[in-house]
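Scroll down for the structure; my scribbles are underneath it.
Letters go in sequence order (proteins before strands), and every chain restarts at 1. From a predicted model like this one, the values you see are computed outputs, not experimental measurements.
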Amino acid sequence: MRCNMYPTIFGLYEPSSIYDTLDFLDNGNAKIIAGGQSLIPMLKLRVIQPKFLVDLNKLRGDLDYIEDRGKSIGLGSLATHAKISTDQIVKSKIPLLSVTASKVGDMQVRNLGTLGGSVSNADPSADYPAVLLAYDATLTLISSGGERKVKASEFFKGPFSTELKDNEILREVEFPVLEGYAYKYEKIVRRAGDFAMVGIAVLAKVSDKVEDLRIAYTGVGEKAYRPYELEKELVGKKVTRDDLEKFAEKVSATLTPPSDSRGSSSYRKKVAKIATIKTLSEVLGVVS
Amino acid sequence: MKYSGRSIKRLYDDKFVTGRSSYVDDLQVSAMHAGFVRSPYAHAKIKSIDTSEALKSPGIVAVFTYKDFSPLLKRGIGIWETYEDPKQWKFVARKALADNKVRFVGEPVAIVIGSDKYSVRDAVDKVNVDYERLPSAVSMEDALKDKVIIHEELGTNVGFDSTFSGGDVEGSFKQADKIISVEITNNRLIPSPMEPRGIIASYESGTLNVWYSTQVPHAARSEFSKVLGIPSSKIRVIMPDVGGAFGSKVNIMPEDLSVVLSSIKLGRPVKWVATRSEEMLASEARHNTFKGEVAVKSDGTVLGIKGDLLVDLGSYLTYTAPLQPAIIPLMIPSAYRIRSASIRSRAIYTNTPPITMYRGASRPEATFIIERIMSTVADELKLDDVEVREKNLVKPDEVPYTNVFGLKYDSGDYISLLRSGVNKLGYYDMRKYAEEERKKGRKVGVGMAFYLEISGFGPWEYGEVRVDENGDVIVITGGTPHGQGTETAIAQLVSDALQVDISRIRIVWGDTEIVASSMGTYGSRTISAAGSAAQVAASQVLEKMKKVAARIMKVDVEEVEYREGEFINKKDERVKVSWDDVAKAGYTGTDPGIYAQVTLQGDVTFPYGVHVALVEVDDYGIVRVKEYKAYDDIGNVINPALAEGQIMGGTVQAVGQAIYEEAIINDDGGLAVTYADYFIPTPVEVPQITSFFAEKPHVSAYPVGSKGVGEAALIVGPAAIVRAIENAVNKPINKTPVRPEDLI
Ligand SMILES: Cc1cc2nc3c(=O)[nH]c(=O)nc-3n(C[C@H](O)[C@H](O)[C@H](O)COP(=O)(O)OP(=O)(O)OC[C@H]3O[C@@H](n4cnc5c(N)ncnc54)[C@H](O)[C@@H]3O)c2cc1C
């Protein structure tokens with residue numbers, strides 16, 4: 001029964017370097033702790049009962065970088081939501097990420113929670129996964145065996161499930177710089193600071209017609225979702241209100257959102273549809 | 001200068017603001033820690049409990065079950081007999097732990113005691129309970145069928161069944177131009193004080209000391225005494241700082257009792273502080289449905305109401321749950337001249353967490369019902385909301401007024417208040433604004449609601465004033481403020497009565513060995529009841545001071561007048577003695593000591609008012625309450641800032657009840673929400689709040705003339721907000737909370 005609050009006993013390991021961390025992870029039965037904003041509640045609820053926590057915060061200096069590489073921006077996994085939302089490089093080069101970070105949780109959560117923690121946790125209602133899909137971001141995973149790069153579209157597997165192996169950590173997320181894109185993150189919540197009931201991330205390049213469109217959803221299924229095929233229907237066109245309604249209807253029909261205290265599945269589908277029309281007309285400049 | 005009527009800054013807030021207050025959990029007592037093994041099922045037989053593994057767990061001292069405690073119990077936890085009549089109820093007094101059956105998900109089955117809370121939590125998982133699941137009755141509809149009986153001894157799930165009637169209902173329905181049907185629901189809430197409940201019990205040489213997060217230390221002492229058979233004189237209950245209660249901490253929990261029993265069995269202090277999820281199970285509230293018919297004339301006159309009220313009790317009758325089904329019907333007529341009514345009120349046991357009282361207890365339910373009725377009547381007859389209410393309100397020359405069920409309203413001018421309130425709050429301008437905005441495509445709405453509530457609740461309250469030899473004043477009050485700041489208002493009243501500076505006054509409360517007797521803080525009663533008792537005690541103390549002054553000045557006491565710190569000989573004003581000198585003299589010579597103790601009787605009193613809300617609904621059906629305005633006649637206002645604070649707090653909870661908070665129970669009887677999705681409003685959801693109090697208040701019979709304001713906004717707010725939502729979306733709504741999906 002739920003009288004939870006107190007975690008089971010665990011050991012705390014404070015690694016001196018990333019390699020040290022990876023060696024420790026090879027022993028198994030250990031969990032990384034970054035901001036602790038998802039991990040601590042899970043420990044208290046006893047959903048997870050690891051033998052050891054490995055505290056990445058000691059390596060913050062090495063792992064919370066925001067690096068401008070010209071065509072892309074690399075973010076170390078320990079960059080906090082607060083840092084991402086206020087950083088000038090992020091603001092000017094990958095603004096969709098910047099606005100999204102400012103909408104994660106409340107200020108306390110943003111001050112502690114990290115990009116890597118949120119992405120690794122893969123909550124089906126988290127905000128970042130939709131943004132990563134929209135940008136087609138690349139994730140760098142590292143273990144004692146070496147490094148590998150994974151596309152966002154392959155990284156997220158399902159609810160709280162990703163491509164990460166037990167002995168791997170997420171080191172970095174790299175976002176391409178998309179010049180001249182309009183963007184918006186529409187987050188629908190019942191109460192401030194809450195997880196998204198529906199979240200929509202949009203990136204679009206628009207001239208007299210739509211040159212490119214990326215739209216990704218969170219909160220509407222087992223993981224963030226991007227309707228790649230449907231997106232194409234709007235590309236190369238001068239999109240009308242009618243097109244948007246049809247598009248939104250089709251997207252909404254493919255969704256299988258959960259029913260919970262935030263809203264029923266059918267309500268979320270309605271919201272996704274309305275939000276799609278609203279967000280796209282704004283971003284694509286469609287007048288109703 | 002007079003203090004009463006002014007917004008004096010709260011006296012004892014520094015510790016709260018700087019985080020230095022001490023709640024039960026902050027007390028340094030070397031106690032063992034307790035934790036509970038809880039039922040995973042809504043309804044099941046307990047076949048056996050195996051504690052052997054848990055007892056082997058490191059740090060564990062004891063595991064107790066029902067069998068260990070039952071020999072120590074004289075009886076189970078009763079009901080609040082000051083206000084509730086056990087003869088009207090079918091109930092089984094709840095024991096400390098589940099006996100042969102569990103009746104809700106989360107019910108405590110065993111208590112584990114150990115050296116620290118982590119070991120205890122680990123050991124809780126090692127207690128093996130063998131259950132045999134039984135079919136359950138989670139909803140009131142199911143429970144009413146009596147197919148599953150929750151308490152076999154009772155033979156039914158209906159705990160209370162009483163029909164409240166008055167006037168000629170049949171005649172009214174015959175005379176009616178129209179009969180309107182209504183169905184009105186308040187879903188289940190959770191009071192959610194910031195400090196969860198907690199208790200430390202220590203039993204030594206026949207004396208029981210309890211540090212308890214409560215609002216009723218004396219009632220708790222008396223209940224512990226009756227349950228344990230220990231005389232009250234050997235029980236001390238101390239209320240440390242209490243971080244909110246909202247009525248829920250009048251409730252005495254089986255967990256509390258288990259902790260006390262454990263301390264008796266072990267002969268050492270035992271402590272338990274609820275986790276947030278335990279707090280969510282500890283007290284739940286509201287959960288009622290009214291189905292009925294209203295007989296009306298086409299001019300809007302309500303002739304009669306008949307209907308059926310169902311109130312969920314959860315699986316056990318708590319100390320405070322009997323209030324609701326007994327008071328809701330009485331208050332449904334509100335301030336309206338409804339001369340016939342028949343309401344059958346039934347309270348139902350279900351396999352869900354037990355219900356307790358919560359801010360407003362019964363008046364929010366009654367007000368929501370009657371205000372929905374008034375608004376529905378307005379809609380059906382195409383009349384204006386204010387007009388319908390004005391047509392039905394009791395006229396000023398009819399007050400004191402006895403309602404159709406025999407409840408007597410003390411004082412008020414409801415119609416004038418409605419008129420000036422509507423004016424002062426700018427209701428019609430707001431309506432016009434909303435209409436203009438709707439033409440532009442925004443879903444903006446404005447709603448109003450009127451209320452008459454019952455507060456004060458007698459039967460008496462305690463006040464004591466002591467003046468020491470330095471002339472400083474200690475006031476011991478039977479009130480038990482726990483966040484409201486009423487101690488400041490009491491200090492204002494005593495300062496005025498004694499004409500001494502407020503800095504010389506200290507207010508003390510919440511310890512059964514310091515306070516001779518007490519009812520406590522609940523039911524919007526503290527300023528009226530405890531404030532009056534303190535004021536009367538102060539005037540008695542002043543009489544004693546005058547006697548001492550007369551002795552010093554060698555005059556008759558009738559010749560002494562007291563003015564601003566000086567006792568003056570009326571015949572020769574040059575002859576006077578100071579307050580301080582009299583205080584010193586009061587402890588020399590004959591009849592030393594300057595104290596007065598007062599147990600002041602009191603009665604119910606009826607505040608009333610009109611509130612207005614402005615809301616906007618977005619494309620997703622999500623509502624924001626943008627403005628909330630209140631105009632109340634609460635009798636004399638002792639401290640406007642404190643009173644306004646109560647309106648604000650009540651408003652926030654009203655916003656919660658109207659559109660956010662819902663203690664969803666799943667089909668298996670489990671609470672389906674945590675504080676992650678039981679949406680208590682954050683500052684972002686709080687509207688712009690404006691509060692006015694009537695310039696010419698109608699006073700109560702209490703010496704201080706106040707009526708009460710602690711619950712007003714939560715009593716009427718949900719009705720005003722729901723009405724505003726209806727106005728915004730042009731769609732009827734008859735329940736709280738209104739969920740976004742109800743609106744698109
Ligand atoms: C009140 C509240 C509101 C919230 N609201 C939102 C919201 O609106 N939107 C939203 O998206 N999120 C929300 N969150 C979640 C928040 O964003 C968390 O910060 C985030 O999910 C986890 O980041 P963290 O750094 O705290 O990770 P932690 O909690 O420390 O870790 C989370 C998980 O990721 C693993 N992990 C952490 N870092 C790494 C790494 N580098 N490599 C591999 N694994 C790693 C951990 O082992 C753990 O399993 C909310 C949280 C709270 C408490």
Engaged part of [X] at the chain A interface, taking heavy atoms whose separation is under 4.5 Å:
X	result
B/Tyr678	backbone
B/Ile744	both
B/Glu685	side chain

Heavy-atom pair with the smallest gap, counting every atom of B/Arg121 and A/Tyr6 =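 Heavy-atom minimum between the residues: CG-O, 3.8 Å.
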
task = Using a cut-off of under 4.5 Å on heavy-atom pairs, state which of A/Ser266, A/Gly263, A/Ala275 scores highest against chain B.
result =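 Highest number of heavy-atom pairs under 4.5 Å: A/Ala275.
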
ask   = Would one find more than 12 heavy atoms of other residues, nucleotides or ligands at under 6.0 Å from atom NZ of A/Lys157?
value =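 Atom NZ in A/Lys157 is crowded, with more than 12 foreign heavy atoms closer than 6.0 Å.
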
Are [X] and [Y] side-chain neighbours, meaning at least one heavy-atom pair lies under 4.5 Å?
X	Y	result
A/Asp260	B/Asp677	no
A/Ile9	B/Tyr118	no
A/Glu186	B/Tyr620	yes

message = Looking at B/Ile680, is its backbone amide N or carbonyl O close enough to the side chain of A/Arg191 to form a donor-acceptor pair, meaning the two atoms are under 3.5 Å apart?
response =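 Answer holds: yes.
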
ask   = If only atom types and distance count, is the side chain of B/Arg739 paired as donor or acceptor with the main-chain N or O of A/Ser261 below 3.5 Å?
value =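 Yes, B/Arg739 side chain to A/Ser261 backbone: donor-acceptor pair under 3.5 Å.
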
message = Looking at B/Asp125 and A/Arg46, is there a salt bridge between them, counting it only when a charged N and a carboxylate O are closer than 4.0 Å?
response =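 Result for this pair is yes, salt bridge flagged.
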
